[in-house]
Structures are given as structure tokens and as C-alpha cells.
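All values reported here derive from a predicted model rather than from experimental measurement. Sequence lines set the chain letters: A, B, ... in the order given, protein chains first and strands last, and positions in each chain run from 1.
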Amino acid sequence: MSSFSDDDAFEAAEMSLSQRAMMGARPTQQANYMDGLNPAQREAVEALDGPVLMLAGAGTGKTKALTTRIAHLLVTGKARPNEILSVTFTNKAAREMKDRVGRLLGETVEGMPWLGTFHSICVKLLRRHAELVDLKSNFTILDTDDQIRLMKQLIVASGMDEKRWPARQLAGIIDGWKNRAWTPEQVPTAEAGAFDRQAVRLYTEYQSRLRDLNAVDFGDLLLHMVTIFQRHQDILQQYQRYFRYVLVDEYQDTNVAQYLWLRLLASSHKNICCVGDDDQSIYGWRGAEVGNILRFEKDFPGATVIRLEQNYRSTHHILAAASGVIAGNKGRLGKTLWTDREEGEKVRLIGHWDGEEEARWVGEEIESMQRGTRGMEPVSLDHMAILVRASHQMRAFEDRFLTIGLPYRVIGGPRFYERLEIRDAMAYFRLAVSQDDDLAFERIVNTPKRGLGDKAVQTIQRMARSNGVSLVEGARLCVQTGAIKGKGGKALGELVIGLDRWHQQVVAESDTHIETAEMLLDESGYTMMWQNDKTPEAAGRLENLKELIKALENFDNLQGFLEHVALIMDNESEDMEEKVSIMTLHAAKGLEFPAVFLPGWEDGLFPSQRSMDESGMKGLEEERRLAYVGITRAEAVCTISFAANRRVYGQWQSQLPSRFIDELPEENVEVLTPPGLYGGGYGAAGMSMNASPAFSMARESTIFEKASKADVYNSPGWKRMQNRNQGPRGMSQPIEARGLTIDTTATSSFTIGDRVFHQKFGYGEVVDIEGDKLGIEFDKAGSKKVVAKFIVPAGQENDVPF
DNA sequence: CGCTCCTGTGTTTTT
DNA sequence: CACAGGAGCG
């Protein structure tokens, strides 16, 4: 399947240095590609041999240094493209690096086959050596969902109570062990309670089941490779020679398995360059070990440590605010970021009554920045981002932006490939490629409904097991022997015949894989199933299926596509319209925006209560790093906000401002006054209505009562606020009283049942009227609440007031 | 076997 | 509150 060749690579490894130099030298570019590097970056680029730790703070040109380093390796002839092992965490990062290396050298670097994510590289390696861990090289890669379903089966099979042994949780535990590179035998049993012992037993069974299925999960990709390297010195040595240089991006995010894998590969030549920032380690919860970066110098004695500290991204105030927050963490390697950029605007801080008002304010702020405000240049929506702690916070913003028609894009939202219909379709593809894929079979036996329920599936499973064959074969036997009769039996027979036919088509390549895929979805009745479905989301699902088919165009065959999907998580269908980005703080790492909004800075939400409960001080420090990551995404304007009340699980809860707010250095922060004060707003206690709209942080500000941290919550300001806030019911005459900008004079002249048109959502029917808000069931966009002034009766589309 | 209603549970974060 | 998964009925 993969089209790399061992031979090339090993040939290259035996090549003399002079040959290399001749081959790689591109004298014309040599002068250019290092231009514009600062001394630290240049050092990082030029220190090619031996271990190097590059500590690169946020916005210090890390990727530039890293890509230039690759270019330098190539140009000096130290390595050919396929001799550089270069690992990243995300496909996006890998892609960007490829692009940038290509740009530096003024051409696309063909090759660089070993620039990729840990996972994609390990898949390639493991396909070559699968037999060493009892797998066939065409193993399938299970996603989280498959993993959990498998685990559930094992739990049920061993007669355990699913409630007491939640499959999800066990899968999580096993993942954690795999992250630490523990095979079932290696899990420490010293402190093993009953639970752990059961878990280890299930882990063992799970692994053997995976072997039977010829499948691996994400964790296995690394774990198996580590095992292979440890057990087979010869193979390890091959690769040590093969990969002459090793580069690692985001080293602070590596887990133990990844660390071991890297150490094994680099242990002979020690040409390893790790780039990272301990202050941006935010993946501890999924096994990342900040310790890896902290002990690099111990692992590789004599390592060159290079600090990139000049920040090119943010203004002084933003950088200082971020530094002030992160200073609260202990055990840092320590960096002092500096910038020669302008002072810029202070970090802006604003409190709101509740989450909805926060969203409303942010929406208005975005619109006014888009127009250009306070003498500032207009800012494109593409240059603004809202970064939230938890994805559920996105909802308030989406709701609001839909209402006011502000275009937005959610990054890393519900993933395309995780959607129900996509996963179903993929299961069909998987079966067409390999009939042995039992999990795929289970997924679609009865989708669309074929009258095959639990009972039928069990019969098939029994049949398969007792004959030692796959489920598809088991099903075939069930039909032949009449073990499943009647309506279900007939349908099953048809399914099996269909599967055979589709498989033939894949093997014979009689049609293009795209035609095969379309036909498959048609003939199986899957498309029909959604066409007959009258629920609102059915149309969208059909759209997604179309998109899936379109995605196939980028691949030569179904196999290649499935491989890609298993590993690729990001699916950004770029459209050209300018949009505000909404994403989690985690998703924002590595990105930058001129204007950044950081809402929801409230204790419990951010820092997250759960994080603190589960990991105590360690958890809090990770949250603080998250705050640091958030602030440092901003180039020019950074706005932090919080709300006094928030709905949690449908319950109103009053919130405390985040402790991180107290850690922002006063001199870099400006406290804004909410637009409509109602008897003294949160961020402006003690101020009168006609006070200046912004005031610098001062003693009278309730939030910044400089009490010791322990009694922040007993501070007079806090108490005052608590007394005032009896929940949002307290603002029953809200909108008018606060003089907000909603135009209530535009009372709707619509009646229920009217056909209407909206610029963004298209046509729909009015189903509900609440003052100036209309509930509309849109044909395409589903039901929404929209302010009446954005609506016109159908037929007057040209009059939409935008 | 499939559908509906009900209950319980959970919202970090993702390769 | 919203969604998933289970129980119970048709």
C-alpha cells in the first residue's frame, strides 16, 4: 500500500559525505534561506550534530527555526530528505512544515517521507514489521468508538456488570497504560486493588482480541513499535542508521511511549533536536509528560540548549500579562520573553452579568472592530478568534452569532469523520476492502434496518466462532444452514451477496473507487435510509455523505482513503468567506490572531474544577499554562471576560471570577465597563453610570481588591457582588433597562405560518413569535430564533436589511 | 424486532 | 438541559 522503498534509503545511508554534498547542494539558495534569523534561531539552525534542545517560547519563530534547520540539513548535504525523521503531533503541523521547507528551498521537496505525526510514521513502520507483533501488515486501525465497543463486548462476555465497569472508563485506563508504554505484563501490580487487577485482565483480553481482529488502536501504534525496537536489536539498528537526524516538534507534549521511541531511535548518533516549550504543555491529561522536556539534558548529556526568547507576535502589554500569569507556576525551565514591538493596548478585562450577555457583548465588539473602532483600522473577521476552555461554551456564541448573522467557523468542532453517517459509510468501505473486519460488520449488519437484532447477531457470532471464521463468513453459514430464516435471513443473504460483489469490485478495480463507493452506498440501501428519513438532520447527513464521496477524489483507492481517515483528524473545508473563529484553547495552540477574546474566566470553568479535583496543583498549573497559551495567541488586542452567572446543566450558578484574573499584572490590564450598567455592573462597582467607559485598575475595582489570595472571596467587593446577585431572575426588565442596542421598535409584522427569508439561513416558516424574536423553522438550517429585523417575507429577498 | 418513553449522566481538552 | 442508552410495550 505505501509506496516507500527500503532500498533507496539504505543505499543513501551508505553514501559518502561528498556524494551527499554534491547531491544536496543548491548554492543559489544558500545565501537566502537563513536570512532574517536572529542569533538564537541561527544557532538552532546551525547546531546540526548532537543533541539540541530548543526552548521556544510562544511566538518566537520556532517553526521558522525548525524548517530552516531541515533546509540546512538538506542543503549542506548532511542528509537526504528521506533520512530525516521529523515528528509533529498534528497533521496540520506536518503539512505546514512541509510547505515551509519547500518554500525555503524554492521548490517542493519531493520526499520527506518521514515528516509526519507520530502516529502516521508508526503506521508506516508497523506495516513493515507487523508480523513481529503477530499482526498482518494490512491491520486496521480502530478509533475510540470501536475501542469502546470492543471493550464493552469483553466486559459482557466475562459476565461483568457494565454499570460497575464502564467500558469507556476502562478503555481510558488502558489508553493511559499504553501511553506509558506498559504492555499488560508491565502494568505495575504492586498497588493493585481488585479494580486494577480486573482491568489488567481485561487489558490482556483486549489485546488478544485485537490480535484476532488484526487490528490496533491508537496507543498500539507506538507501543508495538517500541516493543519491536526493544526486542529486535537488528531492526532498531537499521533505523538508527536510516534516520540520520531526528527532529521533534512540541516535545513538551510527548508521552512516555513516544519518548522511549525517540530515545531508542536517537540513542546511537544522538542527532536529535527537540523543540518545545514547557510553558505550553497542555496535554498532561492524555499522558504527556512535561518531565520529558525537563530532563532532556540528563538523557542527552552535553546537549546544546538554545532559548528562543524574542517574541515577534504580541505587543508588550499582552506579553507582559501572559508572563505575569505563567510566573505563578513552579518548576519551569524558565524563559524571559521580550519584544521590541510597541506597547500596544492593554489587555482588556470585562465582567458580564451572565453568559448570554457576554456573548452579546463579544458579538457587538467584533462587529465594531470589523468596522474599525476608536481610530483603529478595521479588522477582518478572519483575524479574530474566540478561545474557550470547554467546547460547550461555544454554544452561547454560536447562538448569538446566528441570531445577528455574524459569520463564524468552529475549529475542531464535531469532527466530520466521527459523524454517525460517515462512520457507517466507512464501515461499508472497510468491509468492501476486507471482509474480515468484524467490527465494521457488526456496525452495519442492521443498518439500514434489516430485521436483524441482537438475537440474530448473536447467532452469527456463535456460528463464526465455532467455525473459526469471520462474521461475514459466519453470516453466510447462517444463511446457508438456515440458522437465520425468514425476513431477516433473506435480508442477510442479500447483504452477504452484496458484500461479495463490492469486495470483488474493489479487488478487480473494475470501476473507479469512487463509483464503487457510490454504488455500495446505493445498493446497500444506506442512502435510501436517509432519503426516507424525515427528521431535520437527514438532509445534512446526505450532504455529508456526498462530501465523503468527494473526499475520495484525493485518493487512488479505498484502502488509501481509509488509512488516511484513521489518522487524519482535521478536516478543514476552507471556504472563502471571512469568519470569526471559535475554538478551544487546546485547538488554538500554535495559532495567532490580531484580536483574541478569552471568555469564561471563572473559577471552576477556567481553571476547570475537574482538572483541579483530579490532578490538584499539577492540574491547576496545567490550567495556568492554558491561560498562558490563550493570552499569547493575541497579537494586538486581547480581551478577557467573565460572567457572574452561568447556566450549568440547566441550573443557574453564580460564578467567581477566575483566580487567573488576579494574577494578571495590574499595569497591563484595562478594566472595561459593560455597556449597560444597571445599578453598578460587576466590573464597575462603585462607578456611576456616567463615569468614563474605561478606567484603569484601581482600588475601587471590586475584582482587584488586593486581598491575600486566600481571602479574595471574603473581600468586600465579592460580598457586595454576592448580595446583588440572586440569580438572573433579578433582571426581569433587562434589555430596556440596560439600554442595550437591540432595536425593539422593529416589532414584527409576521404571523405564525408566514413564509419568510433570511440572508444566511434561507427560506423558512414562522412557528413562534416572542416580541421582536421569531422562532423560524428553516428549510435547510433547522429551527432558530432570529431577530425580526433580519427577516423579510418570502418573495422580498432583495430587501433583506444587511 | 423495533419503537417510544424514561432515566441517568455528563461537558475539559484529542493524536 | 441534552443526549445516549435501557426498559418495556406493541
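- Remark on DNA chain B: of its neighbouring residues A:E623 and A:A456, the 5'-side contact belongs to A:A456, judged by nearest-heavy-atom nucleotide.
- Among B:dT14, B:dC3, B:dC1, the nucleotide with an atom closest to any side-chain atom of A:W285 is B:dT14.
- A stacking contact between A:Y283 and B:dT13 is absent: the pair does not combine a ring-centre distance of less than 5.5 Å to the base's six-membered ring with planes differing by less than 30°.
- Residue-level contact check: A:N446 touches the backbone only, with heavy atoms under 4.0 Å from sugar-phosphate atoms and none from bases.
- Spacing between atom CG of A:L387 and atom P of B:dT13 amounts to 14 Å, rounded to whole angstrom units.
- Using modelled atom types and a 3.5 Å distance limit, the side chains of A:D613 and A:Q609 yield a donor-acceptor pair.
- Ionic pairing of A:E663 and A:R624 is present here: one or more N-O contacts between side-chain nitrogen and carboxylate oxygen are shorter than 4.0 angstrom.
- Figure legend: A:R286 and A:Y283 shown as a cation-pi pair, the cationic atom lying under 6.0 angstrom from the six-membered ring centre and within 45 degrees of its axis.
- Among the heavy atoms of the strands lying under 4.0 Å from A:T584 are primed sugar atoms or P, OP1, OP2 only; no base atom is included.
- The CG atom of A:D175 sits 16 Å away from the P atom of B:dT13 (whole-angstrom rounding).
- Across the protein-nucleic acid pair, A:Q458 atom CD and B:dC1 atom C1' stand 13 Å apart, rounded to whole Å.
- Nucleotides C:dA4 and B:dT13, compared at atom P, are 15 Å apart to the nearest Å.
- Here the P atom of nucleotide C:dC1 and the CD atom of A:E356 are 12 Å apart, to the nearest Å.
- Ion pairing between a basic and an acidic side chain is recognised when a charged N comes within 4.0 Å of a carboxylate O; A:E250 and A:K589 show such pairing.
- Note on A:R659 versus A:D603: salt bridge recorded, some NZ/NE/NH1/NH2 to OD/OE distance being below 4.0 Å.
- Ranking B:dT15, B:dT11, B:dT14 by closeness to the A:H392 side chain, first place goes to B:dT11.
- Atoms CE (A:M225) and P (B:dT15) sit 22 Å apart, rounded to a whole Å.
- Distances from the side chain of A:Y649 to the nucleotides B:dT15, B:dG2, C:dC1 place C:dC1 closest.
- Distance from the side chain of A:S391 is smallest to B:dT13 among B:dT15, B:dT13, B:dC1.
- Remark: P of B:dT11 and CD of A:Q653 are 16 Å apart, rounded to the nearest angstrom.
- Among the atoms of the strands shown, none is found under 4.0 Å from any heavy atom of A:F118.
- Regarding A:K589, its NZ atom lies at a distance of 12 Å from the P atom of B:dT15, rounded to whole Å.
- As judged by a 4.0 angstrom heavy-atom cut-off over every strand, A:R168 is placed among residues touching the sugar-phosphate backbone only.
- To the nearest angstrom, P of B:dT13 lies 19 Å from CZ of A:F89.
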